[in-house]
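What follows is a short report on a single structure.
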There are 2 protein chains.
Amino acid sequence: MMTQVTKRSNPAPKAPRSPKQAARRRAAVDKLLDPDLFKAFADPTRVKLLTCLIKCGRRCSVTEVAECCSVDFSVVARHLALLAGVGALEATKEGRTMWYAPRCNDLSHRLRALADAIDEWCGSACEQNCGCEGEHGDSCGCA
Amino acid sequence: MMTQVTKRSNPAPKAPRSPKQAARRRAAVDKLLDPDLFKAFADPTRVKLLTCLIKCGRRCSVTEVAECCSVDFSVVARHLALLAGVGALEATKEGRTMWYAPRCNDLSHRLRALADAIDEWCGSACEQNCGCEGEHGDSCGCA
DNA sequence: GCAATACTTGCATGATGACGCAAGTAACCA
DNA sequence: TGGTTACTTGCGTCATCATGCAAGTATTGC
């Protein structure tokens, strides 16, 4: 397991008054919360293949990965290609075999960046949702 | 932005020889890479509503959130209920209005836990994928 | 060359899901 | 009590997608 030490270097952004205003704001969370990436993680079979590759700790061919799943070989091949398409896997073709390896460092980095982007807005209003709309910031007595 | 300090307290698990063996292993990543959670993040409209709430920094009613989206009101209500169902939002009913607030702390915590779980297996084999199947560990000359 | 291996692609099918409309329910107000 | 507000639920429709089968392509070994 990991030990996490997080430190806020910037103050939280001032919260908009309405969700309509909030939607117009540009923020890191907009790009990091990418539906296309998470769509790849939305299917149980695909997730099984991905975790299988992560736990295997080495690159694997489609044939190898297909052995740990009851679905058709073509389905596995398509799933792995899709995961590579969103950057979750690295694909390398050698002769007739296709090697897939999880891009662990990139994946965990993207997840932590998203967590940071969410935290950036966290606390921009009273955590107890007192309704002061964040005007009072951390000094609001309702917290 | 955040400053991250990560420290590995446990050695990386020994990589299985085959993906079939890897699939049988129980690991933290199995539970954290939950398709049901990420299915909620797989739809652009739903992500738009979620980021809107995150950036707003306070709890909002369904009517408010619906203003920043062009889809039907019932669609917004259903999306928010679904996001609350997977724990991304906190729902509070007061009279006839339904308040939704992002569970920022829980969200970022889950994302970091997943990143940690992935990192746990990262480096259990040669990063350059030399094919030694992780037997050599960090001492493998191919890296 | 020929066969086997490893993967890709096309196609049909069934399931899931996003959406809008309309009706229903529950709370609030006059 | 009757109307308005705020949300929920049911239903039909359309689009997307996961799956399996079959055919195709490309590479390797004999």
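Just so you know, these numbers use all the heavy atoms, side chains as well, and skip hydrogens, waters and symmetry mates. Lettering follows sequence order; numbering is per chain, from 1.
Between the side chain of A/Arg96 and the base of D/dG29, no donor-acceptor pair under 3.5 Å is found. Counting distance only, with no hydrogens placed and no angle test, the side-chain atoms of B/Thr97 and the base atoms of D/dC7 include no donor-acceptor pair under 3.5 Å.
Comparing A/Lys93 and A/Asp72 by the nucleotide of DNA chain D whose heavy atom lies nearest to each, the residue mapping closer to the 5' end is A/Asp72.
By the 4.0 Å N-to-carboxylate-O rule, B/Arg110 lies close enough to B/Asp106 to be salt-bridged with it.
Rounded to an integer number of Å, the gap from A/Asp43 CG to C/dT16 C1' is 11 Å. Atom CG in A/Leu80 sits roughly 9 Å away from atom P in C/dC7 (whole-Å rounding). The separation between A/Lys39 atom NZ and D/dA15 atom C1' is 11 Å, rounded to whole Å. Distance, B/Phe38 CZ to D/dC17 C1': 20 Å, rounded to whole Å. Atom pair B/Arg59:CZ and D/dC7:C1' shows a separation of 16 Å (rounding to whole Å applied). With rounding to whole Å, A/Leu83 atom CG is found 14 Å from D/dC17 atom C1'. Between the CD atom of A/Glu94 and the P atom of D/dT27 there is a distance of 13 Å, given to the nearest Å. Summarising the geometry, the separation between CZ on A/Phe73 and P on C/dC7 is reported as 5 Å, rounded to the nearest angstrom.
The backbone N or O of A/Lys31 lies less than 3.5 Å from no partner atom in the side chain of A/Asp34, so there is not a single donor-acceptor pair. Listed for the B/Arg46 side chain is a donor-acceptor partner under 3.5 Å among the backbone atoms of B/Ala40. The closest donor-acceptor contact from the side chain of B/Lys55 to the backbone of A/Arg25 lies under 3.5 Å.
Counting any heavy atom pair closer than 4.0 Å across all strands shown, A/Arg46 reaches sugar-phosphate atoms only and no base atom. A/Ser61 comes within 4.0 angstrom of the backbone, heavy atoms only, and of no base. When heavy atoms are screened at a 4.0 angstrom cut-off, B/Ser74 is found touching base atoms of the nucleic acid.
Checking D/dT19, C/dC21, C/dC19 against the side-chain heavy atoms of A/Thr45 singles out D/dT19 as nearest. Of the listed nucleotides (C/dG10, D/dT8, C/dA18), C/dG10 has the atom at the smallest distance from the side chain of A/Arg78. Of all nucleotides listed (D/dG20, D/dT4, C/dC19), D/dG20 comes nearest to the side chain of A/Val75. You'll find that the side chain of A/Tyr100 is closest to C/dT8, out of C/dC19, C/dG17, C/dT8.
Between A/Phe38 and B/Phe41, the angle of the ring planes goes over 60°, which puts this pair in the perpendicular group of the 30/60° scheme.
For A/His79 and D/dC17, the shortest distance from a side-chain N or O to OP1 or OP2 is not below 4.0 Å.
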